[in-house]
There are 2 protein chains.
Amino acid sequence: MKQPGLDERKAYILATVVYEYVATAEPVASQTLTQKYNLGVSSATVRNEMAELEAAGYLVQPHTSAGRVPSDAGYRTYVDELMQPEALTPGDRRRIRDELHDATRELDDLIDQTTRLLGRLSKSLAFATKPQGETQRFKHVQLISIAPRTGVAIVVTSYGVSAQSLFELKADVCADDLTRLSSALNARCANRLMSEIGDADVAAVVAEQGLGDDVRGAIVAALQSARAGEAPEIAAAGTQNLLDQPEFADVRKLRSILRIVEEQRTLYDIVADAMTSENPRVKIGHELGNDELSDLSVVTVPYRFGPNAIGMLSILGPRRMPYARLLALASGTAESLSRRLADGDVR
Amino acid sequence: MKQPGLDERKAYILATVVYEYVATAEPVASQTLTQKYNLGVSSATVRNEMAELEAAGYLVQPHTSAGRVPSDAGYRTYVDELMQPEALTPGDRRRIRDELHDATRELDDLIDQTTRLLGRLSKSLAFATKPQGETQRFKHVQLISIAPRTGVAIVVTSYGVSAQSLFELKADVCADDLTRLSSALNARCANRLMSEIGDADVAAVVAEQGLGDDVRGAIVAALQSARAGEAPEIAAAGTQNLLDQPEFADVRKLRSILRIVEEQRTLYDIVADAMTSENPRVKIGHELGNDELSDLSVVTVPYRFGPNAIGMLSILGPRRMPYARLLALASGTAESLSRRLADGDVR
DNA sequence: CTTTGGCACTCCTGGCTTCGGAGTGCTAAT
DNA sequence: ATTAGCACTCCGAAGCCAGGAGTGCCAAAG
């Protein structure tokens with residue numbers, strides 16, 4: 001219950017308006033409520049209540065003499081306080097299990113497939129951040145010469161290969177030197193957290209082997225890209241599902257969305273803060289912090305590798321989305337994914 | 001000149017209709033032609049000619065008493081016989097050079113960036129197939145243990161790291177065994193074409209080292225995925241550019257396109273046959289072999305690594321696209337990309 | 001035989017009006 | 001506090017009209 005008086009009946013009416021609007025995409029009228037849901041009062045009473053809910057900011061009217069539509073605040077209290085959490089339907093549960101079970105064993109592909117699955121199930125746009133290097137453990141580095149003065153540094157982490165970096169050297173360095181250097185680095189860094197390994201470690205080893213700054217630079221760069229800056233790669237699927245929603249009958253609404261999905265950066269910004277929380281996060285309309293996205297909402301849940309959250313699974317859809325269902329879907333999918341990762345036959 | 005009589009004037013009129021329609025997106029009227037282009041004849045004459053062009057299948061009328069619009073056949077003869085090839089504008093040339101020059105040195109990222117660049121320049125949807133393993137040379141394989149009985153096989157080719165494959169073993173194998181096996185494989189396969197290296201090579205080396213079938217299987221799988229089946233990965237960029245085109249005012253047209261771009265497979269099928277040709281390819285409307293795409297066209301040019309075409313750069317846009325300009329753009333971009341690859345500081 | 005001016009005819013487009021219906025807000029009665 | 005009743009607002013679909021753009025065809029001219 002909210003402080004500015006959301007008595008039980010108001011709460012019920014608000015919840016019902018959200019529910020009905022989500023289902024129909026039409027502004028909800030007082031009569032609709034009294035007819036479809038048994039409120040035990042007349043439509044006139046409901047009208048009064050709705051007027052008050054509007055005054056309090058939970059509902060808005062598209063125009064005089066139209067039904068009511070939830071505002072951002074309305075959705076917010078619905079999500080936080082009013083809605084019934086849903087469980088995954090048995091059918092969905094089965095599909096998730098089956099599809100993830102048959103999925104590949106490469107981490108990247110697994111995330112891609114999970115995203116596509118979630119896109120299909122949610123009939124919305126699903127996206128996922130791929131694990132960032134920070135949370136991984138260093139396993140192995142291998143320096144390989146592929147041309148006289150060109151080489152590639154490959155960093156393998158606990159998730160599997162995660163980065164490679166080309167480098168050029170000023171002088172020829174023989175393959176043996178590279179092999180020795182690789183071994184020395186491995187000895188020093190094995191099993192440490194990627195975030196712990198500093199440039200100093202590399203510098204020390206390189207110096208020890210009597211090699212130059214160009215080699216050091218290359219390795220540092222490879223580690224850097226394994227740690228993979230602030231914005232990890234993002235997988236997305238199901239854009240076309242959004243087209244079915246009446247809110248996108250107007251093509252202009254789509255442009256910004258398409259651009260944002262292609263850019264990835266904005267998507268990441270939206271979900272970045274959800275990473276720190278173990279719980280699902282819901283962002284509604286203007287909460288996304290982007291005017292172009294103000295009639296969309298996003299549901300985000302983290303997925304784990306062992307005890308740590310290593311990425312986020314999200315669903316982006318119209319603000320008028322079935323929050324309870326999508327939360328269940330996203331959580332269930334993330335859980336299956338986490339389990340699949342923990343089972344250890346993936347990486 | 002075509003056999004069923006395309007005299008010079010008809011050819012000119014057809015070319016002009018295409019040109020004008022591409023520019024305006026409006027059906028072209030006989031008067032428009034006589035006014036904007038000096039034909040030296042009256043609009044009545046043009047009307048007669050247009051009627052004949054329509055009878056011959058080059059033009060169509062959206063409805064009686066509307067101007068004419070080119071048919072697929074009309075565009076086709078325009079592209080094949082009538083249009084003036086364009087050169088890259090100096091501005092575009094500079095942008096291509098500059099942006100590709102600053103681009104990353106990782107092959108995958110370079111293709112991504114090139115695609116985005118082409119999307120921006122063409123104001124259409126650009127996409128590119130990434131190089132398939134077949135055309136690469138084997139450089140190095142490295143087997144690395146990342147957990148007691150789990151390892152990863154990394155295959156490095158002349159383009160750089162191109163595949164990794166996780167594997168599990170039935171019995172513990174010590175790191176030294178893996179290292180020795182790696183060396184033996186390297187000795188045997190180095191610098192051979194990926195397509196030449198058969199399972200037999202692997203089997204021989206594995207047997208020689210006295211290791212089991214599980215190891216062999218893992219390596220074969222890694223090579224397999226480095227060769228990367230029939231459908232290579234595809235980078236795409238600029239979907240939102242299509243929204244500006246009047247042909248997509250209707251949202252339904254977009255759905256199939258979005259789905260197809262997300263699926264990738266269909267995109268690949270469209271351009272697959274262009275791989276064998278050195279020349280740019282244009283596919284118009286129904287030539288795409290897909291009803292849902294029947295008012296789109298695709299321009300495809302191969303890019304090379306050394307003497308070999310290793311991938312395709314394409315532009316997908318409305319059938320009413322500026323063919324000459326897009327051909328110039330795609331060719332110019334592909335050429336710059338090829339040169340960048342040949343210069344050897346990428347891979 | 002080709003070209004062209006003229007003209008009737010077709011069909012689309014945009015604007016305007018109209019009308020019905022859906023909903024509300026308010027008031028007065030319960 | 002609830003509710004029946006009613007006036008009022010506003011949207012949206014339907015219909016209608018006028019204007020205009022463009023064609024096709026014919027008959028005359030080169």
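Order of the sequence lines sets the chain letters (A, B, ...), proteins ahead of strands, with each chain counted from 1.
Between the NZ atom of A:Lys10 and the C1' atom of D:dA1 there is a distance of 12 Å, rounded to whole Å. Rounding to whole angstrom units, CD of residue B:Gln31 and P of D:dA21 are separated by 9 Å.
Side-chain contact between B:Ile96 and B:Leu88: present, with at least one pair of heavy atoms (C-beta onward) separated by less than 4.5 Å. Considering only heavy atoms from C-beta on, A:Val41 stays 4.5 Å or farther from A:Glu49 through its side chain. At a threshold of 4.5 Å between non-hydrogen side-chain atoms, the residues B:Glu52 and B:Ile13 do not count as touching.
A donor-acceptor distance shorter than 3.5 angstrom exists from the side chain of B:Gln264 to the backbone of B:Ile234, with no hydrogens or angles considered. Panel note: side chain B:Gln31, backbone B:Ser43; no donor-acceptor pair is recorded below 3.5 Å.
Within 6.0 Å of atom OH in B:Tyr21, more than 12 heavy atoms from other residues, nucleotides or ligands are found, so the atom counts as buried in its surroundings.
By the 4.0 Å N-to-carboxylate-O rule, B:Asp7 lies too far from B:Arg9 to be salt-bridged with it.
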Using a 3.5 Å cut-off and no angle test, enumerate the donor-acceptor pairs between side-chain atoms of residues 312-329 of chain B and protein atoms at least two apart in sequence or in another chain.
| from | atom 1 | to | atom 2 | distance (Å) |
| --- | --- | --- | --- | --- |
| B:Ser314 | OG | B:Thr300 | OG1 | 3.2 |
| B:Arg319 | NH1 | B:Asp72 | OD1 | 2.6 |
| B:Arg320 | NE | B:Glu247 | OE1 | 3.3 |
| B:Arg320 | NE | B:Glu247 | OE2 | 3.2 |
| B:Arg320 | NH1 | B:Val22 | O | 2.8 |
| B:Arg320 | NH2 | B:Gln245 | OE1 | 2.8 |
| B:Arg320 | NH2 | B:Glu247 | OE2 | 2.7 |
| B:Tyr323 | OH | B:Ser297 | OG | 2.8 |
| B:Tyr323 | OH | B:Arg319 | O | 2.6 |
| B:Arg325 | NH1 | B:Asp92 | OD2 | 3.0 |
| B:Arg325 | NH2 | B:Leu121 | O | 2.9 |

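Residues passing the salt bridge (charged side-chain N to carboxylate O under 4.0 Å, His left out) test with A:Arg95 are A:Glu99, sequence neighbours excluded. With sequence neighbours left out, A:Tyr37 forms a side chain to side chain donor-acceptor pair (under 3.5 Å) with A:Glu20.
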Query raised in the report: When you check every protein heavy atom under 4.0 Å of nucleotides 24-30 of chain D, what one-letter string (B, S, -) results, 5' to 3'?
Result: BB-----
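If you check every strand for non-hydrogen atoms under 4.0 Å, A:Ser43 touches nothing.
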I'd like a table of atom pairs between the protein and nucleotides 12-18 of chain D - only N or O on both sides, under 3.5 Å - with the distance next to each one.
none

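Extent of DNA chain C lying under 4.0 Å from chain B heavy atoms, first and last nucleotide in 5' to 3' order, is C:dT3 to C:dC12.
Atom CG of B:Leu267 and atom CZ of B:Phe127 lie 4.5 Å apart (nearest 0.5 Å).
Judged by closest nucleotide on DNA chain C, B:Arg9 is the one of A:Ala29 and B:Arg9 placed further toward the 5' end. Between A:Glu49 and B:Gly67, the residue whose closest nucleotide on DNA chain D is further toward the 5' end is A:Glu49.
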